[in-house]
Amino acid sequence: MSKRTLYYVIAGVLALGVYSYEYFLVVEEKAEIIELGNEVKNETNEFFLPTSTTGQIVHHEGYSLSYSEPHEQPEWVAYELKKAHLSNANFKRPYFEIDEAVKTGAAHWRNYKNSGYDRGHLCPAGDKQYNKTAYDETFLTSNISPQVHDFNSGIWNTLEQKVRYWASKYNGVFVVTGGVLKGHMKTIGTERVAVPNQFYKILIDNNSGKTKMIAFLLPHENSGKPLYDFVVSVDDVEALTGIDFFPELEDAIETKLEASSSYKDWSFK
DNA sequence: CTGTTAGTC
DNA sequence: GACTAACAG
């Protein structure tokens with residue numbers, strides 16, 4: 001072996017070493033993030049978290065959220081609803097509390113008092129009845145949005161119950177929910193909490209064979225129409241909100257599923 | 001299930 | 001302000 005060849009070999013080995021080390025660092029960093037997190041992120045479903053347009057993602061035990069300070073509410077909350085989570089414990093409702101994990105300061109519940117609007121859960125308390133801690137955690141003001149009572153207890157409640165039905169039927173679903181924080185919105189309270197004109201809910205099922213999605217976009221008013229009348233494509237919601245919902249999904253699958261507004265794979269029985 | 005309000009200390 | 005009890009869709 002010539003000296004020149006030897007140099008090339010050494011350079012090659014060094015380059016490979018540096019590359020491997022950097023790769024190791026990236027993996028290490030990712031592992032650390034996962035360790036700091038929670039149940040959601042310990043699962044493969046951590047990769048279903050949407051992007052944040054606000055730069056402030058907060059992780060709780062049972063759900064994650066992206067907080068929008070100007071609107072004093074999350075732009076999305078995301079969590080996996082496992083089949084095993086479904087239960088009918090009848091926990092006593094706690095009081096709403098400010099989420100201390102929101103560094104810019106989450107809204108106070110006082111903004112909602114006498115506003116005429118409900119403190120509408122985005123991650124529903126009804127999805128977290130498998131233990132009291134998880135249940136209480138949904139009563140943070142970083143998880144609520146002002147909702148008209150007839151809407152909240154009406155079609156929105158019906159949709160939430162449908163999600164539980166699907167979680168049971170399809171062995172769990174991953175859920176992303178929020179208000180559409182765009183355009184002109186009324187505000188309530190001294191902190192000017194925005195009242196969304198529309199709410200969305202997006203589901204992905206990766207547990208029962210082939211991956212499937214469904215998205216709903218509901219006007220902020222009650223309706224007697226069937227839920228499937230409000231099905232849209234994930235692309236539609238992304239265009240409205242600016243959020244990229246399943247960035248970690250394989251591109252080919254993501255592109256195809258997110259463009260579809262078909263609900264044939266979801267049972268509305 | 002989804003919630004609020006009145007009355008009390 | 002925190003808490004219970006009662007009530008409503």
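Numbers restart at 1 for each chain; the letters A, B, ... are given by sequence-line order, proteins then strands.
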Original post:
Nearest nucleotide by nearest heavy atom, which residue falls closer to the 5' end of DNA chain B, Y117(A) or N88(A)?
Top reply: N88(A)
Original post:
Can you find a side-chain donor-acceptor pair between T133(A) and D136(A) that sits under 3.5 Å?
Top reply: no
Subject >> Distance in angstrom units between W109(A) CH2 and dC3(C) C1', rounded >> reply: 12 Å
Subject >> Of all pairs that satisfy salt bridge (Lys or Arg N to Asp or Glu O under 4.0 Å), the ones with a partner from residues 185-202 of chain A, not counting sequence neighbours >> reply: none
Original post:
Run the ring-ring contact (aromatic ring centres under 6.0 Å, His included) check on F199(A) and W156(A) step by step: do they pass?
Top reply: CA-CA 9 Å; F199(A) 288 90; W156(A) 189 247; 5.6 Å; yes
Original post:
With a 4.0 Å cut-off on heavy atoms, is N152(A) in touch with a base, just the backbone sugar-phosphate, or nothing at all?
Top reply: sugar-phosphate
Original post:
With a 4.0 Å cut-off on heavy atoms, is R93(A) in touch with a base, just the backbone sugar-phosphate, or nothing at all?
Top reply: base
**OP:** Looking at every strand, decide which applies to G154(A) at a 4.0 Å heavy-atom threshold: base, sugar-phosphate, or nothing.
**Re:** nothing
Original post:
Which whole-number value in Å describes the distance from I98(A) CD1 to dA2(C) C1'?
Top reply: 15 Å
Subject >> Separation between OG1 of T141(A) and NE2 of H108(A), rounded to the nearest 0.5 Å >> reply: 8.5 Å
Original post:
Contact class for D127(A) (heavy atom, under 4.0 Å): base, sugar-phosphate, or nothing?
Top reply: nothing
**OP:** Check every strand shown and say whether E160(A) touches a base, only sugar-phosphate, or nothing at a heavy-atom separation below 4.0 Å.
**Re:** sugar-phosphate
**OP:** Could you tell me whether the side chains of Y79(A) and D127(A) share a donor-acceptor contact shorter than 3.5 Å?
**Re:** yes
Original post:
What are the 5'-most and 3'-most nucleotides of DNA chain B lying under 4.0 Å from any heavy atom of chain A?
Top reply: dC1(B) to dT4(B)
**OP:** Could you check how far CZ of F139(A) sits from P of dC3(C), rounded to whole Å?
**Re:** 15 Å
**OP:** Kindly write out the residues that satisfy side-chain hydrogen bond (donor to acceptor under 3.5 Å, both in side chains) with S68(A), not counting sequence neighbours, or none if the list is empty.
**Re:** H71(A)
